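Step one of this worksheet: look at the structure below.
Computation of the quantities below employed the complete heavy-atom set of this structure, encompassing side-chain atoms and omitting hydrogens, waters and symmetry-equivalent molecules. These numbers come from a predicted model, not from an experiment. In what follows, chains are A, B, ... by sequence order, proteins preceding strands, each numbered from 1.
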Amino acid sequence: MHYWLLKSEPSCFSIDDLANRPNKTAPWDGVRNYQVRNMLRDEMKKGDLGFFYHSSCTPPGIAGIVEIVKEGYPDNTAWSLDSDHYDPKSTPDNPRWYMVDVKLIEKFPRLITLDEIKHNPKLKNMLINRKGNRLSITPVTSEEWKAIIKM
DNA sequence: GCCAACGTTGGC
DNA sequence: GCCAACGTTGGC
């Protein structure tokens, strides 16, 4: 089993938005980056756990834990003209973009901030700490996972 | 609002 | 296949 970190701007989709969905479950849609697409399509498996990270907000940080409850399937927002993520190059016959379904497992009692993560020596190699890392989903090692849930 | 660090696009 | 220009992300 693998661990992941999933970024979302809370002004767009926050952990509370996920909590308010039926069954606390929602598709992680709208990814339009090939590296992340490959992870969604090929690597993220049912039962994997992920951190729900709030980005582009004050302060950024990890808000809770989600579980992958449905493995990669075509992202149908790509062929919805109404969607902000519409992409004419992706079609139902030949989908270019993929998504998974995530379910909220736990919202942390407090946000674990990026600042705290930066100052934890066990997490100095975490991808989220790397300058210029813009991938919206990144793998997390089990050591990093354990260190964070203790914080 | 700034800007570093990428990813993508498109001319050649 | 190279690479300059452009767009996007995201912390600050």
Please check if any side-chain donor atom of A:Arg32 sits under 3.5 Å from a side-chain acceptor atom of A:Ser136, or the reverse. no
Which residues satisfy the side chain to side chain donor-acceptor pair (under 3.5 Å) test with A:Arg37, sequence neighbours excluded? none
Can you list every salt bridge (charged side-chain N to carboxylate O under 4.0 Å, His left out) pair that touches residues 100-120 of chain A, not counting sequence neighbours? A:Asp16-A:Lys107, A:Arg110-A:Glu116
For A:Ser90 and A:Trp97, the nearest pair of non-hydrogen atoms, with its separation, is OG-N, 3.8 Å
Spacing of A:Asp87 atom CG and A:Asp75 atom CG [to the nearest 0.5 Å]: 9.5 Å
Which word best sums up how the rings of A:Phe52 and A:His54 line up, parallel for under 30°, tilted for 30 to 60°, or perpendicular for over 60°? perpendicular
Not counting sequence neighbours, which residues clear ring-ring contact (aromatic ring centres under 6.0 Å, His included) with A:Tyr86? List them please. none
Taking only nitrogen or oxygen atoms into account, show me every contact under 3.5 Å that the protein makes with nucleotides 9-11 of chain B, one pair per line with its distance.
none

Heavy-atom side-chain contact between A:Val66 and A:Leu49 under 4.5 Å: no
Does anything in residues 49-64 of chain A come within less than 4.0 Å of DNA chain C? Heavy atoms only, and list the residues if so. A:Tyr53, A:Ser55, A:Ser56, A:Pro60
In terms of relative ring orientation, are A:Trp28 and A:Phe13 parallel, tilted or perpendicular, with 30° and 60° separating the classes? perpendicular
How would you summarise protein contacts on nucleotides 2-8 of chain C per nucleotide, using B for base, S for sugar-phosphate only and - for none, with heavy-atom distances below 4.0 Å? -----BB
Roughly how far, to the nearest 0.5 Å, is the CD atom of A:Glu9 from the OG atom of A:Ser14? 12.0 Å
